Amino acid sequence: MCGRTSCHLPRDALTRACAYRDRQGQQRLPEWRDPDKYCPSYNKSPQSSSPVLLSRLHFEKGSDSSERVIAPMRWGLVPSWFKEDHPSKLQFSTTNCRSDTMMEKRSFKVPLGKGRRCVILADGFYEWQRCQGISQKQPYFIYFPQIKTEKVSSSTQCIFGKSGSIGLIDSPENWEKVWDNWRLLTMAGIFDCWEPPEGGDLLYSYTIITVDSCKGLNGIHHRMPAILDGEEEVSKWLDFDEVSTQEALKLIHPTENIAFHPVSPVVNNSRNNTPECLAPVDLVVKKELKASGSSQKMLQWLATKSPKKENPKTTKKEESDVPQWSSQFLQNRPFPTKRNSAGLLERWLKREEEEEPVAKWPHSQ
């Protein structure tokens with residue numbers, strides 16, 4: 001399953017992290033719809049709003065379905081046919097959608113049949129491992145293995161092109177400079193649009209499709225999000241006008257290309273919205289297991305305070321000061337988990353990278 005995510009990037013950085021090529025091979029940045037509704041957070045839970053990628057054709061008839069839009073949506077799908085006056089009256093959970101039963105359930109089958117496929121954007125997601133002999137579950141942060149970690153120069157902070165709203169990037173030489181930092185986790189989802197019976201604003205909401213866990217994560221939990229690994233998979237999932245539902249569903253399967261590390265129980269409370277939610281911690285272990293993926297790059301890109309809604313008046317200098325993520329996966333020496341987030345991260349970032357450590361998990365069954 002997936003019940004908690006992180007997506008803390010400022011809006012401009014998130015846009016650049018989603019750079020793509022359209023059907024003609026043109027380099028683009030996705031447009032935003034309702035950008036003021038986006039609220040960065042290290043600890044997103046169901047019923048909160050998260051950024052979602054989808055085809056522009058869902059909003060503008062006649063558009064090229066390969067063009068993309070980012071829209072904040074409610075986590076927890078509210079079906080278009082729901083007749084009550086408030087989403088809270090929905091009697092069943094739609095946070096996740098099991099891949100093996102989604103074509104049997106009206107809530108998911110109907111929007112999927114309409115091509116309402118989306119990609120949920122996140123730094124990564126959290127999962128809790130039940131440990132033998134311990135009442136409290138151990139949380140883990142799970143994400144794509146990271147390779148590129150060089151800082152984006154200040155001159156490339158806002159490469160949106162002269163065309164403005166459609167997001168064309170100025171020139172080919174700028175393409176590689178648009179984003180070279182944290183690779184966002186791209187999870188397959190289904191969205192729907194609900195109109196209150198008594199009238200009011202349309203509500204866009206989504207569910208995350210889940211599959212059986214890959215071998216690398218099975219020791220933590222038996223379910224995981226359906227992760228779209230790479231630009232080609234993301235494009236096929238989003239382009240509902242060119243790729244049929246039957247073809248798109250072939251993309252829904254577990255992936256082993258994943259990294260993870262244990263984090264502090266501070267993430268257990270969804271009201272805690274600090275970098276400490278993501279920071280790696282050491283565990284007292286009895287058994288050593290091998291982690292999948294490279295898993296050695298992690299999280300220098302952490303602010304020292306809780307994220308806030310992006311201020312439209314933010315200066316270019318402030319935008320260019322976004323820190324980088326590149327630290328170690330696990331450390332060789334124990335590290336206390338109960339620290340304030342600023343002190344915790346300061347100590348992590350000062351420690352030199354000596355060698356690639358081996359991931360250690362507590363014994364579980």
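In this text, all values refer to a predicted model and were calculated from it rather than measured experimentally.
- Each of Ser49, Pro46, Pro87 was scored for a side-chain contact (heavy atoms from CB on, under 4.5 Å) with Arg74, with one residue passing: Pro87.
- Contact detail for Val52 and Tyr206: the closest heavy-atom pair is CG2-CD2, 3.7 Å.
- Salt bridge status for Lys250 with Glu247: present, with a side-chain N to carboxylate O gap under 4.0 Å.
- Among residues two or more places apart in sequence or in another chain, the side chain to side chain contact (heavy atoms under 4.5 Å, CB included) test is passed with Gln91 by none.
- Neither Tyr20 nor Leu57 shares a network with the other; the hydrophobic side chains, linked directly or stepwise wherever heavy atoms of I, L, V, M, F, W or Y lie under 4.5 Å apart, form separate groups for each.
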Would Tyr140 and His221 count as a ring pair (Phe, Tyr, Trp, His ring centres under 6.0 Å) here? Give the steps. CA-CA 10 Å; Tyr140 282 81; His221 199 275; over 10 Å; no
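- In this structure, Arg117 is positioned above the aromatic face of Trp237, its NZ or CZ under 6.0 Å from the six-membered ring centre and within 45° of the axis.
- Panel note: side chain His86, backbone Pro196; no donor-acceptor pair is recorded below 3.5 Å.
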Does the side chain to side chain contact (heavy atoms under 4.5 Å, CB included) test come out yes or no for Ser6 and Lys44, once each step is laid out? CA-CA 6 Å; Ser6 170; Lys44 287 185 174 291; over 6 Å; no
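- Phe108 has its ring centre no less than 6.0 Å from the ring centre of Phe191.
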List the steps, then state whether side chain to side chain donor-acceptor pair (under 3.5 Å) holds for His222 with Asp212. CA-CA 6 Å; His222 65 283; Asp212 291 334; over 6 Å; no
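- Residues Pro225 and Cys2 come closest through the heavy atom pair CG-CB, 3.7 Å.
- Ring-centre distance between Trp32 and Tyr38: below the 6.0 Å cut-off.
- Seen from the ring of Phe144, Arg183 counts as a face-on cation partner, given the 6.0 Å and 45° thresholds.
- No donor-acceptor pair closer than 3.5 Å links the side chain of Asn43 to the backbone N or O of Arg4.
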Hey, mind stepping through Asp239 and Ser65 against side chain to side chain donor-acceptor pair (under 3.5 Å) and telling me if it holds? CA-CA 6 Å; Asp239 196 350; Ser65 58; 2.4 Å; yes
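- Both Met73 and Met102 are part of a single hydrophobic cluster, where members link through side-chain heavy atoms under 4.5 Å apart.
- The shortest heavy-atom contact between Thr210 and Arg98 is OG1-CA, 3.7 Å.
- Asn257 and Asp229 share a side-chain donor-acceptor pair at under 3.5 Å.
- By the rule that hydrophobic residues join a cluster once side-chain heavy atoms approach within less than 4.5 Å of another member, Trp81 and Leu203 end up as members of one cluster.
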In sequence, state the C-alpha distance, the side-chain angles, and the governing distance for Leu217 and Ile142, and then conclude on side chain to side chain contact (heavy atoms under 4.5 Å, CB included). CA-CA 9 Å; Leu217 291 181; Ile142 303 164; 3.9 Å; yes
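- Heavy atoms only, all atoms of each residue included: Leu238 and Leu54 are closest at CD2-CA, 3.8 Å.
- Between Tyr204 and Phe59, the ring planes lie tilted relative to each other; the angle falls in the 30° to 60° range.
- A salt bridge links Arg28 to Glu67: one of the charged nitrogens lies within less than 4.0 Å of a carboxylate oxygen.
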After noting the C-alpha distance and the side-chain angles of Trp182 and Tyr143, does the key distance pass the ring pair (Phe, Tyr, Trp, His ring centres under 6.0 Å) rule? CA-CA 10 Å; Trp182 191 257; Tyr143 48 97; 5.3 Å; yes
Going through the checks in order, is the side chain to side chain contact (heavy atoms under 4.5 Å, CB included) test met by Arg33 and Ile70? CA-CA 6 Å; Arg33 292 186 65 88; Ile70 303 180; over 6 Å; no
Derivation and outcome, side chain to side chain contact (heavy atoms under 4.5 Å, CB included), residues Ser80 and Lys114: CA-CA 12 Å; Ser80 58; Lys114 295 178 181 178; 4.2 Å; yes
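- Cluster annotation: Leu112 and Phe240 are assigned to distinct hydrophobic clusters (Ile/Leu/Val/Met/Phe/Trp/Tyr, side-chain heavy-atom contacts under 4.5 Å, transitive).
- Applying the side chain to side chain donor-acceptor pair (under 3.5 Å) criterion to Glu60, with sequence neighbours excluded, gives Arg56.
- Using a cut-off of 4.0 Å between Lys/Arg side-chain N and Asp/Glu carboxylate O, Asp22 and Arg68 are scored as not salt-bridged.
- Within a 6.0 Å radius of CG in Asp100, more than 12 heavy atoms belonging to other residues, nucleotides or ligands are found.
- Considering every non-hydrogen atom in both Cys18 and Pro30, the closest pair reads O-CD, 3.4 Å.
- Using a distance-only test at 3.5 Å, with no hydrogens or angles considered, a donor-acceptor pair links the side chain of Thr207 to the main chain of Thr95.
- The closest donor-acceptor contact from the side chain of Glu276 to the backbone of Ser264 lies at 3.5 Å or more, if one exists at all.
- The environment of Gln24 atom CD is dense: over 12 non-hydrogen atoms of other residues, nucleotides or ligands sit within 6.0 angstrom.
- Connection of Val211 to Leu77 is established within a shared hydrophobic cluster, with ILVMFWY side chains joined at heavy-atom distances below 4.5 Å, either directly or through further cluster members.
- Across every non-hydrogen atom of Ser66 and Arg23, the tightest pair is OG-N, 3.0 Å.
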